[in-house]
Amino acid sequence: TRTTVLASLLPQLVFVFFLCFWQRVSGFFRRPRVVFLDKLCVAQHNLELKAQGIWGLASFVDHSEELIILWSSRYFARLW
């Protein structure tokens, strides 16, 4: 019957909806997370832009609620 078909399709449709649109839907319930990755957010090809990016880190950290640092022993061997 029609009710049985709807009852079997509804969970699948809800799943597909949330799978496809979860990023947009979650924006209604919580603030979006902003991630800062130094290798991607600080220009590595131009020394002037790199300096501006490094100076801007303080403002980014100041406006952050949480800071998670992922590092390895190689991290401090980098030249910047």
Side-chain angles (χ1 to χ4, degrees):
T1 67
R2 187 174 193 187
T3 308
T4 321
V5 172
L6 183 60
S8 64
L9 284 178
L10 186 62
Q12 294 172 0
L13 292 173
V14 170
F15 172 77
V16 170
F17 174 79
F18 278 98
L19 180 67
C20 295
F21 299 106
W22 174 246
Q23 292 296 323
R24 293 177 190 228
V25 171
S26 67
F28 292 115
F29 302 109
R30 61 184 169 95
R31 285 188 355 191
R33 288 185 175 227
V34 177
V35 176
F36 181 90
L37 300 173
D38 66 340
K39 185 72 173 176
L40 299 176
C41 297
V42 175
Q44 303 292 317
H45 65 285
N46 182 314
L47 290 177
E48 186 175 321
L49 290 175
K50 185 186 288 189
Q52 289 176 359
I54 292 171
W55 281 105
L57 288 175
S59 176
F60 187 85
V61 171
D62 187 44
H63 289 88
S64 299
E65 294 177 7
E66 185 177 18
L67 176 65
I68 299 174
I69 299 173
L70 305 173
W71 69 281
S72 69
S73 57
R74 285 187 12 195
Y75 182 83
F76 293 106
R78 297 190 325 186
L79 296 177
W80 72 269

Asker: Rest of the hydrophobic cluster containing V16 (Ile/Leu/Val/Met/Phe/Trp/Tyr, side-chain heavy atoms under 4.5 Å)?
Answerer: F15, L19
Asker: Mind checking what makes side chain to side chain contact (heavy atoms under 4.5 Å, CB included) contact with I68, not counting sequence neighbours?
Answerer: E66, L70
Asker: Which heavy atom of P11 sits nearest a heavy atom of A7, and at what distance?
Answerer: CD-O, 3.1 Å
Asker: Can you measure from CD1 (I54) to CG (L49) and round to the nearest 0.5 angstrom?
Answerer: 11.0 Å
Asker: Once side chain to side chain contact (heavy atoms under 4.5 Å, CB included) is applied, do any residues pair with H63, and if so which ones, sequence neighbours excluded?
Answerer: S59
Asker: If you count the non-hydrogen atoms of other residues, nucleotides and ligands that lie under 6.0 Å from CH2 in W55, is the total more than 12?
Answerer: no
Asker: What residue pairs, at least two apart or across chains, pass salt bridge (charged side-chain N to carboxylate O under 4.0 Å, His left out) with a residue in residues 14-23?
Answerer: none
Asker: Scan for salt bridge (charged side-chain N to carboxylate O under 4.0 Å, His left out) pairs involving residues 51-65, sequence neighbours excluded, and state none if there are none.
Answerer: R31-E65
Asker: Not counting sequence neighbours, which residues clear side chain to side chain contact (heavy atoms under 4.5 Å, CB included) with V14? List them please.
Answerer: L10, F18
